[in-house]
Amino acid sequence: SKCQMCHGAGGKGGMKDLTGVAGRLSVADHVKVVTDGRNAMPAFKGQISDQEIQDVVAYERTLE
């Protein structure tokens, strides 16, 4: 629910298309973006657990 507002259903749209993110960011960099935010994306540290961040990153990395 937090991601779909900006990234669209299935990560395919909105402000930033997440398809192919695995080819653009390392896992560590991806976790950092979700944790600390970047540009218009807010930080999710403290809003969701570390495990939820790991789960989000794992899911996003499957999007093609």
Side-chain angles (χ1 to χ4, degrees):
S1 66
K2 295 180 186 296
C3 304
Q4 190 172 2
M5 290 176 5
C6 295
H7 296 295
K12 298 179 181 185
M15 294 177 73
K16 180 72 173 174
D17 187 335
L18 295 175
T19 56
V21 71
R24 297 190 305 264
L25 290 174
S26 69
V27 173
D29 287 342
H30 197 161
V31 168
K32 182 168 178 47
V33 169
V34 176
T35 302
D36 300 331
R38 180 192 284 178
N39 301 322
M41 182 173 157
F44 284 96
K45 183 177 185 174
Q47 294 186 48
I48 60 176
S49 71
D50 290 344
Q51 182 60 55
E52 288 171 317
I53 290 172
Q54 293 292 328
D55 293 344
V56 164
V57 167
Y59 168 71
E60 288 176 351
R61 296 182 75 76
T62 67
L63 300 174
E64 295 185 18

Practice item. Could you check Met41 against Val34 for side chain to side chain contact (heavy atoms under 4.5 Å, CB included), going step by step and ending with a plain yes or no? Key: CA-CA 8 Å; Met41 182 173 157; Val34 176; 4.2 Å; yes
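- The minimum heavy-atom distance between Val56 and Cys3, with the atom names listed, is CG1-SG, 4.4 Å.
- A donor and an acceptor atom, one from each side chain of Gln51 and Asp55, are located under 3.5 Å apart.
- Taking CZ of Arg24 as the start and CZ of Arg61 as the end, the distance is 10.0 Å to the nearest 0.5 Å.
- Within 6.0 Å of atom CD in Glu64, 12 or fewer heavy atoms from other residues, nucleotides or ligands are found, so the atom counts as exposed in its surroundings.
- Of the possible donor and acceptor atoms, none in the side chain of Gln47 sits under 3.5 Å from a partner among the backbone N and O of Phe44.
- Note: the hydrophobic cluster containing Ile48 also contains Val21 (ILVMFWY, side chain heavy atoms under 4.5 Å, direct or indirect links).
- Note that CZ of Arg38 is 9.5 Å distant from NE2 of His30, once rounded to the nearest 0.5 Å.
- Separating the NZ atom in Lys32 from the OG atom in Ser26 is a distance of 11.0 Å, to the nearest 0.5 Å.
- Note: the hydrophobic cluster containing Leu63 does not contain Val57 (ILVMFWY, side chain heavy atoms under 4.5 Å, direct or indirect links).
- With hydrophobic clusters built from ILVMFWY side chains whose heavy atoms lie under 4.5 angstrom apart, Leu18 shares a cluster with Tyr59.
- Taking OG1 from Thr35 and CG from Asp50, the interatomic distance works out to 7.0 Å, rounded to the nearest 0.5 Å.
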